[in-house]
Enquirer: 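I have a structure I would like to understand better, so I am pasting it below and will then ask my questions one at a time.
Counting starts at 1 for both ligands and their atoms, in listed order.
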Amino acid sequence: MKTEPLLRVNGVYWHYEEGAMPALVDIHLALYPGEVVGVVGPAAAGKTTLLLTMSGLIPSNYGGQFVGSVESKSEQGIVFQDPETQFIGLTVEEELAFSLENTGWPDERIERRMAEVLDLIGLNGFANRSPLELSGGEKQRVAIASALSHNPQVLILDEPTSELDPVGAREVFSLLSRLKQEKEMTIVVSSHATEELAAFCDRMILIVEGKIVLDQPTREFFAQVDVLDEHGILVPDVIRLYHMLCQEGVMPASSTGVPLTVEELALHYKEGQLVREGSL
Ligand SMILES: Nc1ncnc2c1ncn2[C@@H]1O[C@H](COP(=O)(O)OP(=O)(O)OP(=O)(O)O)[C@@H](O)[C@H]1O
Ligand SMILES: [Mg+2]
């Protein structure tokens with residue numbers, strides 16, 4: 001039996017004041033503790049709008065017509081695409097201090113929390129550095145630290161790696177993997193990096209023109225290559241290769257579903273070889 005959801009979106013319809021069309025239509029979803037959810041969709045599909053709605057910033061901080069409800073039992077931290085636009089502090093320490101300013105915590109507690117968060121994101125020793133002088137990956141890790149400073153149960157990230165080079169993107173996804181494994185954080189992340197999402201997420205949502213088209217466990221989601229192709233979603237190479245190898249008869253279809261990583265594909269291939277040789 002599943003536990004109670006941390007967040008529930010009930011039949012939400014949202015039309016930005018200036019929008020030509022509704023940005024969200026009839027959105028229903030529930031987010032459970034410890035789930036890691038990826039959100040994909042074409043440009044202007046409503047990914048950012050969906051995350052703003054889950055974080056509670058829509059409707060409160062935006063003008064428009066809102067129908068439905070969002071029930072939240074948790075605090076959320078949100079991280080946006082471009083970390084620089086979020087920085088207000090002159091140093092990393094100041095940046096984190098600002099995000100803890102309204103807590104009313106005593107100074108020692110703030111100090112302790114800042115040290116914990118810097119440790120968590122692997123930026124010990126960065127407290128006095130200017131956030132603007134860090135690498136892209138480090139900047140985004142500082143933004144994640146700010147979002148985590150209040151110890152939210154849910155971390156929401158809108159395309160956190162799209163402004164980063166591949167090294168920075170890997171840094172951010174490996175931090176997110178640590179938060180998932182070590183802290184059992186509940187994470188919602190929109191991204192075009194489907195290869196990373198396939199390896200990282202438990203569940204995937206495809207949103208198109210403000211409507212949820214797919215909302216499924218990651219393996220079932222990525223098996224639907226035709227639907228993903230139809231909406232221009234990049235299908236990870238490992239999944240394409242798997243389908244090609246099955247079609248060519250190089251290996252049988254996997255009984256456990258499509259492989260989501262190179263390691264899974266290699267394992268499945270080896271098992272196929274053993275079956276062929278009659279040793280399994
Ligand atoms: N502040 C706003 N006012 C009016 N319309 C908006 C506003 N923000 C977004 N929209 C519109 O709402 C729709 C959804 O936008 P949203 O930014 O959520 O899409 P997205 O999937 O995040 O796109 P992208 O891939 O470009 O980040 C678009 O048609 C967009 O033009
Ligand atoms: Mg967006």
Enquirer: Under 3.5 Å, side chain of S149 to main-chain N/O of L100, donor-acceptor pair present?
Expert: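 No; judged by distance alone, with no hydrogens or angles, the pair does not exist.
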Enquirer: Quick one: does E159 get within less than 4.0 Å of ligand 1, heavy atoms only?
Expert: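 It does, in that a heavy atom of E159 comes within the 4.0 Å cut-off of ligand 1.
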Enquirer: In this structure, would L7 and W14 fall into the same cluster of hydrophobic residues linked by side-chain contacts under 4.5 Å?
Expert: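 They do share one cluster, since a chain of ILVMFWY contacts under 4.5 Å joins L7 to W14.
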Enquirer: For ligand 1, find out whether one of its N or O atoms is nearer than 3.5 Å to an N or O atom of T49.
Expert: yes
Enquirer: Is the shortest distance from atom 31 (O) of ligand 1 to a protein heavy atom below 4.0 Å?
Expert: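 No, there is none.
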Enquirer: Near A43, which atoms of ligand 1 are under 4.0 Å from a heavy atom of that residue?
Expert: 23 (O), 25 (O)
Enquirer: Is there an N/O/S atom in T49 at a distance below 2.8 Å from the Mg ion (ligand 2)?
Expert: no
Enquirer: For the residue pair L120 and L175, what are the closest heavy atoms and their distance?
Expert: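 Minimum heavy-atom contact is O-CD1, 3.7 Å.
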Enquirer: Give yes if a backbone or side-chain nitrogen or oxygen of A45 is under 3.5 Å from a nitrogen or oxygen of ligand 1, and no if not.
Expert: yes
Enquirer: With F221, which residues qualify under ring-ring contact (aromatic ring centres under 6.0 Å, His included), at least two apart?
Expert: none
Enquirer: For atom 20 (P) of ligand 1, state which one of K47, H192, Q81, E18 supplies the nearest heavy atom.
Expert: K47
Enquirer: Under 3.5 Å, is there a donor on one side chain and an acceptor on the other for Q81 and S162?
Expert: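 A pair is found: one side chain offers a donor N or O, the other an acceptor, under 3.5 Å apart.
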Enquirer: Which residue and atom name correspond to the protein heavy atom nearest atom 2 (C) of ligand 1, and how close is it?
Expert: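 Going atom by atom, the protein heavy atom closest to atom 2 (C) of ligand 1 ends up being Y16 CD2, 3.4 Å.
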Enquirer: Pairs of nitrogen or oxygen atoms closer than 3.5 Å, one from G46 and one from ligand 1: do any exist?
Expert: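 Yes: some nitrogen or oxygen of G46 is under 3.5 Å from one in ligand 1.
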Enquirer: Check this for me - ligand 1, T48, N or O atoms closer than 3.5 angstrom, yes or no?
Expert: yes
Enquirer: Between F200 and L176, is there a side-chain heavy-atom distance shorter than 4.5 Å?
Expert: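 Yes, at least one pair of side-chain atoms sits under 4.5 Å.
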Enquirer: Pairs of nitrogen or oxygen atoms closer than 3.5 Å, one from A23 and one from ligand 1: do any exist?
Expert: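 For ligand 1, there is no N or O atom that lies under 3.5 Å from one belonging to A23.
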Enquirer: Considering G63, A44, G64 one by one, which has a heavy atom nearer to atom 29 (O) of ligand 1 than any of the others?
Expert: A44
Enquirer: So E171 and V167, do their side chains get closer than 4.5 Å, heavy atoms only?
Expert: yes
Enquirer: Start with the C-alpha distance between S69 and N10, add both sets of side-chain angles, then the distance that settles side chain to side chain donor-acceptor pair (under 3.5 Å), and finish with yes or no.
Expert: CA-CA 5 Å; S69 65; N10 306 308; 3.0 Å; yes
